Amino acid sequence: MQYTSLPDGFTIQELDASHLEQFNALLRYAFQVTEEELVQVGWQEDEIKQSKFPILESAHVLGCFEGKTLAAQIAVYPMQVNVEGSLLDTGFVTGVATYPEYAGIGLMSTLIRQALTDMRGRGQSISFLCPYSIPFYRHKGWEIVSDKMTFRIRDNQLPKPQPVPGKVRRIAWDDPSLAAVHDRFAAKTHGCLVRNALAWDEYWRWDVDDEVVAMYYDAADEPQGYLVYLLKREIFKIKEMVYLNDEARRGMWDYVTAHYSMVTEVSGCNYTNHSLAFTLEDSDIRETVQPYVMARIVDFAAFIMSYNFAEASSGDAITFRIHDKVLDWNEQEFTVRFHADGTHTLSAEPSPYTAEMSIGTATCMLMGYKRPAYLKSIDRLTADAKTTALLERLIPTGKAYFSDYI
């Protein structure tokens, strides 16, 4: 494997189980997680030491060493994500860390470039991450693609019960129906991560033991949605609510409301990119929105060929003029032509409709986070009126749902 240049005395290696101590030490130093904090949520010393072992076994982890000393590292989880109905291989970036004495000499920039190069080689055409610094990752080509909404509902604002034909039962966290429902949800939800064993391990890794899982079953006793929550100090805290239909949504909110006498408020997270307040009779609740996950197209040609455009007509063509200062294979023009059979191809002949943008803006737009007309209005997209109108027609209107933190 060929790596880009580094300062003298530094090398890049793939990390394995033999590097566990150094890998874990750098993570805990960079993210300031103390042993005492981990023990407080039920972790024992041996479990703490082994907590990241699955990463080194299942993920692609690169480290930058000065001699035998680990100076910086980056991990890439191999996963899949639903992008407008296409199941794409993705590299989820995590564990990005550098000791402060090695900052500012280009180690992380080199690691990131190499990690992206390796992703392309593995067919991972898009990458996701939960940012510790939005400006840092924007500089590397990532852009915001999904929000997290948090909410607080007072007990007297809870929705009134609505009759549903099914019922809710509490289940064990490792009940196979939980993963099965999420798989069905991910298969139909744009932006949703398909949770493999590694993703589910991360989902439960730092949770306390008294979290509860409740499943909604329809009249045929088929699971149609679930709720993961914590009931503590008169607060009903929702970690995640997933439903396959509106019946399941109503049934789970009836279950929440059934705790009326036990709680003073319900709080939690909403990743649907739609306001929860609108669905409540009393909409005067506290609801906040913040950027949550960022993405970056790794290989534009491969990504655009897998992309499901919305309303393309035979004979349509558009040229994407992409700027990517990190990955030179994206720094070019890509002309997409649409055919009568519903397919599209890349063409060497440019289209008169040209849209110019950075790789980050292209990712944000194609993932549905911001519309072309808006991006043009803030000078993130250069295109004439006809090209902008074509993009508005071609790009689906749905926003991405992303609830995982890895």
Side-chain angles (χ1 to χ4, degrees), residues 1-79 90-119 121-122 124 127-133 136-137 139-140 142 196-207 326 404-406:
M1 190 177 295
Q2 296 296 316
Y3 296 110
T4 49
S5 60
L6 288 167
D8 290 343
F10 289 87
T11 59
I12 290 180
Q13 302 176 36
E14 288 191 43
L15 273 62
D16 57 30
S18 68
H19 301 103
L20 178 61
E21 291 287 346
Q22 288 200 75
F23 176 76
N24 214 24
L26 178 49
L27 277 183
R28 290 170 64 180
Y29 184 91
F31 296 103
Q32 301 177 53
V33 178
T34 68
E35 182 178 309
E36 180 182 356
E37 289 170 328
L38 295 175
V39 170
Q40 284 177 354
V41 294
W43 285 71
Q44 302 302 315
E45 177 61 25
D46 288 344
E47 294 174 321
I48 294 169
K49 288 180 179 178
Q50 295 297 318
S51 64
K52 291 300 181 181
F53 185 77
I55 299 178
L56 297 178
E57 289 291 295
S58 306
H60 180 67
V61 187
L62 296 177
C64 187
F65 289 80
E66 183 181 32
K68 294 184 178 181
T69 301
L70 181 63
Q73 63 193 25
I74 184 171
V76 179
Y77 280 53
M79 294 185 174
T90 182
F92 199 105
V93 174
T94 186
V96 178
T98 306
Y99 280 116
E101 60 266 35
Y102 295 108
I105 58 175
L107 303 188
M108 188 50 66
S109 293
T110 302
L111 281 175
I112 287 174
R113 188 179 296 110
Q114 188 59 53
L116 290 166
T117 301
D118 294 346
M119 283 185 227
R122 294 191 297 272
Q124 297 165 333
S127 173
F128 290 82
L129 57 80
C130 295
Y132 68 84
S133 168
F136 175 82
Y137 286 110
H139 185 69
K140 304 300 182 185
W142 277 267
N196 55 18
L198 196 58
W200 278 112
D201 284 346
E202 287 295 322
Y203 184 84
W204 297 113
R205 186 176 302 282
W206 305 114
D207 289 337
V326 176
D404 289 79
Y405 185 90
I406 293 174

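Being a predicted model, the structure only gives us computed values, none of them experimental.
Considering only residues two or more places apart in sequence or on other chains, S18 meets the side-chain hydrogen bond (donor to acceptor under 3.5 Å, both in side chains) condition with D16. In this structure, Y137 has no side-chain hydrogen bond (donor to acceptor under 3.5 Å, both in side chains) partners at least two apart in sequence or on a different chain. In this structure, the side chain to side chain contact (heavy atoms under 4.5 Å, CB included) partners of A72, at least two apart in sequence or on a different chain, are C64, T98, L107, M108, L111. Shown here are the side-chain hydrogen bond (donor to acceptor under 3.5 Å, both in side chains) partners of E66, two or more places apart in sequence or in another chain: Y102. Residues forming a side-chain hydrogen bond (donor to acceptor under 3.5 Å, both in side chains) with Q124 (at least two apart in sequence, or on another chain): R122.
Contact check for Q114 versus I74: no side-chain heavy atoms found under the 4.5 Å cut-off. Looking at W142 and S127, their side chains come closer than 4.5 Å, going by heavy atoms from C-beta outward.
In this structure, L15 and G63 approach most closely via the heavy-atom pair CD1-N, 3.1 Å. Closest non-hydrogen pair, T110 versus G106, comes out as OG1-O, 2.9 Å. In terms of heavy atoms, V326 sits closest to H139 at CG2-O, 4.4 Å. A pairwise comparison of heavy atoms in A115 and V76 identifies CB-CG2, 4.1 Å as the closest pair. The two atoms that bring A25 and Y99 nearest to each other are C-OH, 3.7 Å, heavy atoms only. Taking each heavy atom of P7 and I105 in turn, the nearest pair found is CG-O, 3.7 Å.
Judged by distance alone, with hydrogens and angles left aside, the side-chain atoms of D404 form no donor-acceptor pair with the main-chain N or O of E202 at under 3.5 Å.
Relative ring orientation between W204 and W200 is described as parallel, the plane-to-plane angle staying below 30° on a 0-90° scale split at 30° and 60°.
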